[in-house]
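Here the structure is laid out as structure tokens; the discussion comes afterwards.
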Amino acid sequence: MIEIFTPREVDRARETGAIVGGILRDIRSRVQVGTNLLEIDEWTRELIDDNGATSCYVDYAPSFGRGPFGHYICTAVNDAVLHGMPHDYRLADGDLLTLDLAVTKGGLAADAAISFVVGNRRPEGAAALIDATERALAAGIEVARAGNRVGDISRAIGNVLSGAGYSINTEFGGHSIGSVMHGDLHIPNTGRPGRGYILRPGLLIAIEPWVMEDTNVLVTDADGWTLRSSTGCLTAHTEHTIAITDGAAEILTLPR
């Protein structure tokens with residue numbers, strides 16, 4: 001289902017998006033060398049409750065996962081890039097951490113992700129990976145305008161990622177969002193301009209460039225959820241939920 005929302009409903013989505021952005025900002029400020037991924041999950045649970053929101057992840061059980069996810073946030077470290085299941089691991093200096101969070105409030109969901117390096121050590125290639133995903137996200141948002149098509153977003157993202165020297169996996173990408181976290185609209189991270197669904201005001205989408213340093217092949221971890229690079233290389237992932245308007249897209253998952 002691809003949903004189109006009224007201005008009043010988009011107002012509700014703004015509230016949800018601000019919650020997601022605020023939680024990610026809060027958690028990033030707390031994370032340090034030695035932080036346990038399970039601590040991050042517990043902080044997230046508390047912050048979701050404090051905001052009167054509901055996790056999109058705890059009971060999430062799609063076909064590509066192994067049963068309900070059972071946690072409140074995705075924590076992907078180094079070679080993990082998507083659906084990172086929190087587990088008993090203490091972050092080390094130089095770990096590249098991705099936090100991916102989706103919640104719902106007032107019947108509308110929002111989804112965002114950030115990648116950053118923990119501590120003071122800066123692994124070779126980490127900054128370039130993060131920068132590429134952030135620039136690709138900005139490029140995708142720039143062309144996410146009414147009358148353009150999904151393929152225009154995909155091409156803009158793909159141009160940045162491939163231009164930075166990375167190969168692109170299209171199994172997972174952006175998606176429409178609204179009453180459910182994952183709507184039917186799929187937004188791959190590369191594609192052909194002028195193709196696909198026509199963007200309309202009131203459409204809510206999550207755009208999420210992600211990349212692996214030297215491969216485009218994923219492997220699934222033993223937990224049945226965490227997706228890693230097949231070569232063990234570093235990865236990064238950045239995401240915002242946006243609203244299509246009559247003008248420039250509005251980013252909903254910025255903290256207030």
Side-chain angles (χ1 to χ4, degrees), residues 1-18 20-21 56 81-82 100-102 104 107-115 129-211 216 236-255:
M1 177 173 61
I2 300 173
E3 302 169 294
I4 301 297
F5 295 97
T6 66
R8 181 171 294 181
E9 289 168 327
V10 173
D11 281 342
R12 299 211 312 268
R14 285 191 188 96
E15 180 181 3
T16 309
V20 170
C56 291
V81 64
L82 299 173
D100 189 353
L101 175 66
T104 184
L108 290 171
D111 190 1
I114 56 173
S115 288
L129 280 164
I130 295 168
D131 177 68
T133 61
E134 291 177 347
R135 288 188 294 110
L137 177 60
I141 292 172
E142 175 64 28
V143 299
R145 294 171 178 261
N148 285 350
R149 293 178 179 265
V150 164
D152 299 314
I153 299 174
S154 297
R155 171 52 67 90
I157 293 170
N159 281 347
V160 173
L161 298 181
S162 61
Y166 303 116
S167 56
I168 301 168
N169 178 297
T170 56
E171 294 173 79
F172 297 92
H175 49 91
S176 55
I177 189 169
S179 62
V180 296
M181 174 173 55
H182 285 149
D184 288 341
L185 191 62
H186 175 57
I187 307 170
N189 285 327
T190 189
R192 298 177 64 183
R195 300 296 182 94
Y197 186 82
I198 299 175
L199 306 177
R200 298 164 53 191
L203 175 68
L204 306 181
I205 57 176
I207 301 177
E208 49 181 313
W210 60 274
V211 74
N216 64 359
H237 173 201
T238 307
E239 178 180 15
H240 272 309
T241 295
I242 67 171
I244 304 300
T245 74
D246 289 320
E250 178 184 356
I251 301 174
L252 301 181
T253 43
L254 292 173

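Atoms considered below: every heavy atom in the structure, side chains included; atoms not considered: hydrogens, waters and symmetry mates. None of these values were measured; they are calculated from a predicted model.
- From D111, atom CG reaches atom OG1 of T16 across 12.0 Å, with rounding to the nearest 0.5 Å.
- Nearest approach of A144 to I153, heavy atoms of both residues: CB-CD1, 3.9 Å.
- E3 approaches L203 most closely through the heavy-atom pair O-CD1, 3.7 Å.
- S176 places a side-chain N or O within 3.5 Å of a backbone atom of L185 that can act as its donor or acceptor partner.
- R14 contributes atom CZ, which lies 11.5 Å from atom CG of L108 (distance to the nearest 0.5 angstrom).
- The backbone N or O of G191 sits less than 3.5 Å from a side-chain atom of R155, completing a donor-acceptor pair.
- The OG1 atom of T253 sits 10.0 Å away from the CG atom of L101 when rounded to the nearest 0.5 Å.
- Minimum interatomic distance between R149 and G196 (heavy atoms only, all atoms of both residues): NH1-O, 2.7 Å.
- Here the straight-line distance linking atom CH2 of W210 with atom CG of L161 works out to 10.0 Å at 0.5 Å rounding.
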Would you please test L129 and T133 for side chain to side chain contact (heavy atoms under 4.5 Å, CB included) and show each step?
-> CA-CA 6 Å; L129 280 164; T133 61; 5.9 Å; no
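- Rounded to the nearest 0.5 angstrom, I205 CD1 and I177 CD1 are separated by 10.5 Å.
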Kindly indicate, with the supporting measurements, whether the criterion side chain to side chain contact (heavy atoms under 4.5 Å, CB included) is fulfilled by N216 and I168.
-> CA-CA 6 Å; N216 64 359; I168 301 168; 5.9 Å; no
Taking it one step at a time, do H186 and V150 satisfy side chain to side chain contact (heavy atoms under 4.5 Å, CB included)?
-> CA-CA 8 Å; H186 175 57; V150 164; over 6 Å; no
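- Distance alone, capped at 3.5 Å, places no donor-acceptor pair between the N189 side chain and the G158 backbone.
- Contact between S154 and P188 at its shortest, heavy atoms only, is OG-O, 2.6 Å.
- A pairwise comparison of heavy atoms in N159 and S162 identifies O-OG, 3.6 Å as the closest pair.
- Considering only heavy atoms from C-beta on, I242 comes within 4.5 Å of I207 through its side chain.
- Atom NE2 in H240 sits 12.0 Å away from atom CD in E250 (nearest 0.5 Å).
- Residue pairs meeting the ring-ring contact (aromatic ring centres under 6.0 Å, His included) criterion with at least one partner in residues 136-172, sequence neighbours excluded, are F64-F172, H83-F172.
- Of all non-hydrogen atoms in V20 and A110, the two that sit nearest each other are CG2-O, 3.6 Å.
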